[in-house]
Structure formats: structure tokens, C-alpha cells
Amino acid sequence: MNTRILLVDDELVFTDNMSKLLAIRGYEVKTANSGYRAIQCLEKERFDVIVLDLKMPGMDGITTLKEIKKLGLFIETLILTGHGSIDTAREALKLGAYDYLTKPCEIEELEKKIKGAWEKKEEAETKDTEEKIRQVTRSPASAFRIFPKGSK
Amino acid sequence: MSDHSHDQESSKNQGSEYNQNLYEKSKEYYQRLFRRFVLLTLICSCVPLVLVGWGINYHYTHFTKGRVKQNFKNQVDSHRTMIELFLEDRKSTLQSIAKTHTKEFMSQTSHLRRILGLLNMEYGQSFTDLGVIDHQGDHLAYVGPYDLIDKNYIKAHWFQEVMGKGVYISDIFMGYRKSPHFVIAVTNQEQGHRWILRATINSESFRDFVAQIKIGQSGDVYLVNDKGQLQTKPRFRGHIMGKDPYKVPVKQHAGIALHTLKASSHKEKGDIKKQLVATTWLDSPHWMLVVRQDYSEAFNEIYQTNKTTLIFLFLSTICILLVVILITKHMVSVIKNRDKESQELNKQLLQTGKLAAVGELSAGVAHELNNPLGIILTEKQLLLDSCQYQNPTLEELKANIHHSMDQIGLQVQRCKRLTQNLLRFARRTESVVEPVDLNSFLNEIIELMGREAASSGIKFFSDFDDQLPVITSDPSQLQQVFLNLVTNAIDAHSGMSYGSIHLKTKAVKDKNQVQIQVTDTGCGIPQHTLDKIFDPFFTTKPVGKGTGLGLSICYGIIERLGGSIEVESQPGEGTSFYIYLPIHSPSTDTST
């Protein structure tokens, strides 16, 4: 299964180009041009990694990141911003972002970070699944609680 | 180029002139400070000194005067006793001689001569002559230098007195011998008839006795009878039996009376001087003893002390003056140095504020540059990718390159616009007063900050007055003001999705001023911090984010440009800054 990426940036040209570049490299990419769009996308579809810009009109990167965390998904966020302020980047990391990159950045670098983020996300998911299985084997009745009806 | 350098030159000259003025002002200020300090300290230290000096002196004078007067009285008292004793002694001797000898014995001249000789031996030549007189006033015997043997005294004043009282000491009178003298006469009763033993006191030796206490250089001792006639000759002026040259009032009184009166001094008649005079009355004869001295001599001690005190006070004042001047000079120089340091600090502060503003600006600009650069990089990668992965036809490759290059061109344009704006601002570092078209000036600011603000969801709106006059002002400083205000306005929207900043210009005609209004739709400023926003180091931003200098620097700059700045704010709704600038700003200097 391909890694699914959500690109969030207010620069249309940038998201278009980037999605093309990532698609060629075998990623499944969706783009959103604002924080609201990003949240909408996340509610509809499943993604593995989000590449998020910090400075956007409307909902900015930090607020978007907080919203994403509220959703409680297995997903890693990678900050990609033109704003060179270390403070905002540090704040983002504190809020649980995986890492941060500054524009302009080479595609190889971005790919490397995406891979890292994906691995971390996979690891967390596996760990969580193992934990659930362990609980199920310990008391099968709890399985109904952990995997409610309708979940995949 | 030459014009430009000339401009710079003239602005520097203006600056140095301005500095010179400032320096002159402060010099005058320090001189005034110095004078005020010296005066105050002098008053504070000299007033108590003079008060204490005067108090001690007053007390001492009072005390010494009392002592001197008492001394004077004591002397007069003891002298009176001595004179009384002198006369009493002679009187009683004569009395005992009269009582112990018969008239017959005494009437023999040889006996009388022996008695006179014995008396003069005993009393040191104080008797001039001696006579025995019968009750009819005729001389029975006489020894002495005058030829008085056949004189009759029945009508003499002293004869009547002694016949009445039995003993009598006369005033000075002329008598038969036609020279001033006085007599002591005693009577004795023998066979129903009284006879008289009369002695004339040597007036020279009496005078010497009276005047034997010499009081200073100007002191004088003499006797006056109850009619004011001198009974002894004063030391310096006046004649025996004459008027008292010092005109001491002759008045009956008990004990010792002390007068101060003005009279001619002992030396010259015209030289009126204050005199200290003590008088006392003898019991018998009824004479007044006068002791006098020039006031100045009597209280010479006090005058000397006063002089010493004055010299001491004068010297102390000079010492204090010197110390005060030295200390004040030192203090003023310390204050001067402190002021210089704080001025230096202020300069550094302004510089720091400038740097902070530049820092904030560059962070924003970096974002705006990085975005187009990011796009350019992706375009490059797209071209590389198309070659590597897709094996495109020549047509396709051409189209791809064309598309990418267009995009790259657009982004480069974007970068160029940004750097041009930035440069235009960066160039304005020299402080020059020149014509400024505020409308286009503010447009530049909007262009520079607009994109960054837009990426935070903030839009700029401008409402510029077309009729706005071109003002002369300092663009480099105005730039700092508006960058600060706009940055603040953007920051006021943090945590908000959208907002707007309105810039408005207006000519305030009657006041020869222009008004620039910067209004944001941000968080606003609470009423209790509104008073403090222009204070240096006041900031509501977290530590490390703001210096608290921005608005205080704005305030300082606007003041120096001859304008004013006002603020209006509604928490939750936004803030408006109103800046008023004169059409012609005075020359300023960034280094101050």
C-alpha cells in the first residue's frame, strides 16, 4: 500500500508541483490550501503523513496541528515552512509534530523525512494493534469494546 | 552622486550644530545646578553657624558686661571705704589730741609745732597747718606756711558749723590764704568756753590719695560736693573747685549708682564718648566719689572677643565656601558623567530597538522569499523528473520547460519586487530631512508588509487624501515608526483567522499638520495598559518576543519630528493610532 500524504499550503503552485513530484515517487498525494480544507480531508479519508505549512490565512499551521491532534488519528505531521522562525518550529514540535523543514528544500530531503514519519506512524500503529490483540486474548469480551461494530 | 554626498554633508552639519546646541544647553544647565547647589549648601551651613556664633557671643557679652560692672562697683565701694577711713582717721586723731591737751598747752606755738611735726611724721605730710582758735574766732596759736595768726574766723562757715556740731570737715574753700583747701576742726570745752583745734589737710597729698587707684588708660577718680564743685582735681581735665568736666549728675542716692553717659572724652573736649560712671556718697563730709572710665576701654575685653568671633566666623565661612565649592564641583561632575552614561545608554537602546525592528522585518521577509524559492526548486525538480521518469517527446519536454520557466520567471519577479522594496527601506539609514509624499511612502510599507500579513489572513486597506501636502520630514525615522506600528497591528491579530489594517491620511489644514491614522481590527489594548504603552520596556508579549521598545521609540521619534501621537483602543475590537506631523519638521539627528 502506498504512503498517503496530505499536502497543506496556501501557495497553489507549490502544492501542485509538490504533489506531482511526490506522485512520481510513488506516493498517494492530496492537497489542501487551508487549514479547514485539511481537517475536512482528514475527516473523510485516511492519511499517513501530513506536510503542513505554518503561515496560512485563516487557520494557521499551529491551530491546524492542534485540530489534527484532537482527531486522535494515527498520523504524523511534518512541518514545511518558509517562516524561518525557530520559535514557531519549536512550538510545533512541542505540539507533537514529527519534524520540520524550511523552504526551499530538495525533494530528496523531504522524501527522507516523509519516510521517517511513515515509519514512526507504522511503529505506533503496530504497537497499538499488538496491545489491542493482547487485550483481546486476555479477555475476549473486551474485543467488542475495542473493535466496535463498523470499524475496519 | 555629488548631489547625494552634498546632501549627506549638509545633514551632518545640521546634526553637529544640533549637538552643539544640546551641549551648550547642558553646560548652562550644569552651571545653574552648580550655583543652586552652592547657594543652598551655603545657606544650610552658614545660617546655623552665624546663629550659634551670635548666640554664644550675645551670652558672653551679657555675662562679661555684668562682671565688668560688678568689678567697677566693687572698686568704687572699696575706694569709698578707704577715703572715709582716711578722713575718719585724721578726724579722730585731732579729736583725741584736743581732748587730751589743755587750751593753755595747745596755745603755745612750740607745742603746736611739735604736734604738727609728729602728725606729719605719722601721716606722711598730710597736714598743711594746725591752729588753735578760741570761741570768739581768734587764733590762739598757729603753725604753718601762711601768716594767719591775727585772722578772725567768727564769720567763717566752718567756724559756725564746728561750734554747732563739735566736729566738722569742710568743703574745699579759698579762705584767707586765697588758695583752695579744706579743714578738719574739732572743739573742746574748758572752763565754760569752747576752743577749736583746726587742721588744714594738704590738698596735694589728699588728691594723690584719692587718685591712687588708676583705672586703665582713661579711668578717673575724683570727688564732687553736693553743689557739683570738684573737691579733687580730675586726672585729665577740670580744676579744683571748678565744674565737673564730665557733667556727672549730682543726685542723692544710697549705695553705688552706675551710669552710662555721653561726655567729652578724657583727651579732647569735642570728642564725645560713651562713659561708664559709678558714683557713691561719702558719709562725712557730704561728698560724692566719682569713678569713670571710657566705655570702650571698660568693655575692651568684649570688643576684643567680638573681633575674634567675627574673624573666626569669617574664616569658617570661607572654609565652608571652599569645601562646598569643591564638593559641589565633584558632585556636578559625577552627575554629568551619569547623564553622559544614561545618554549613551539611551542611544544604545534606540539602536537595539532599531535592530529588533530589523529582526522582525527580516523574519517576515525571509518567509516571503522562501516561498517563491521553494516553488522555483519544485519547478527544477519537475523538469528533472520528467526527463528521468517519463521519457517525454521533444514537444512534451518543450512544453514542460516553457511552463516551468514561466513559473520560475513569475517567482523571480516576486522575489525581485520584495528585494527592491527591502532595499528602498534599507537605503534610508541616513537621517535626512527631505520632502516626503506620505501616500506613496505608506504604499511602500503596505507592499513590503502586505504579503506577509496576507499569509496571516490580514488585508490592508488604504484611504489616502489626494490633496495631502508633501511634508518635509525624516523618512528613515518615519519608516521606523510605521514599520513598528504595522508590525504591532499584525501581531495584534495573532490567534485570529482574519483581520484588516486601515491606513488613512488627512490634512489638518488649520493646524498646518497632517494626520495619519493606523487602525487595526486586532485584540485591542485594555484600558489599564493604555497609559503605559509608550513607556520603554513595557510589553505584553512573552519574554524573548518583544523588547518593549517599539512604541517608546515611535513616541520619541514623533516628538523629535515636532509631531504627536495618540492612541484609541477598544479591547476586542481594535486599536487606532493617530499620528500628527507638521508640514515642516525640525532638523533632527538619530544619534541623540
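Just so we're on the same page: letters track the sequence lines, and every chain starts at 1. Computed over heavy atoms, backbone and side chain alike; hydrogens, waters and symmetry mates excluded.
- Distance check: B/His493 NE2 to A/Asp60 CG gives 13.5 Å after rounding to the nearest 0.5 Å.
- Contact of B/Gln381 with chain A is made through backbone and side chain together, with heavy-atom distances under 4.5 Å.
- Here the straight-line distance linking atom CD1 of A/Ile62 with atom OG of B/Ser494 works out to 12.0 Å at 0.5 Å rounding.
- Taking B/Met496, B/Gln388, B/Arg414 one by one and counting their heavy-atom pairs under 4.5 Å with chain A, the maximum is reached by B/Arg414.
- Distance check: A/Lys103 NZ to B/Leu373 CG gives 10.5 Å after rounding to the nearest 0.5 Å.
- Within the 4.5 Å cutoff, no side-chain heavy atoms of B/Asn371 are placed close to those of A/Phe14.
- Near-neighbour residues of residues 104-116 of chain A relative to chain B, defined by a heavy atom under 4.5 Å from a heavy atom of that chain, comprise A/Pro104, A/Cys105, A/Glu106, A/Ile107, A/Glu108.
- More than 12 non-hydrogen atoms from other residues, nucleotides or ligands lie less than 6.0 angstrom from NZ of B/Lys380.
- Residue B/Ile375 comes nearest to A/Val13 through the heavy atom pair CG2-CG1, 3.7 Å, listed as atom of the first residue, atom of the second, then distance.
- Within 6.0 Å of atom OH in B/Tyr578, more than 12 heavy atoms from other residues, nucleotides or ligands are found, so the atom counts as buried in its surroundings.
- Heavy-atom distances place both the backbone and the side chain of B/Glu379 under 4.5 Å from chain A.
- Nearest heavy-atom pair across B/Ser456 and A/Lys55 is OG-CE, 3.2 Å.
- Under a 4.0 Å N-O distance rule, the pair A/Arg25/B/Asp385 qualifies as a salt bridge.
- Contacts between B/Leu377 and chain A at a heavy-atom distance below 4.5 Å involve the side chain alone, from C-beta outward.
- In this structure, B/Gln527 places its CD atom where only 12 or fewer heavy-atom neighbours from other residues, nucleotides or ligands lie under 6.0 Å away.
- A distance of 6.5 Å separates CG of A/Leu21 from OG1 of B/Thr378, quoted to the nearest 0.5 Å.
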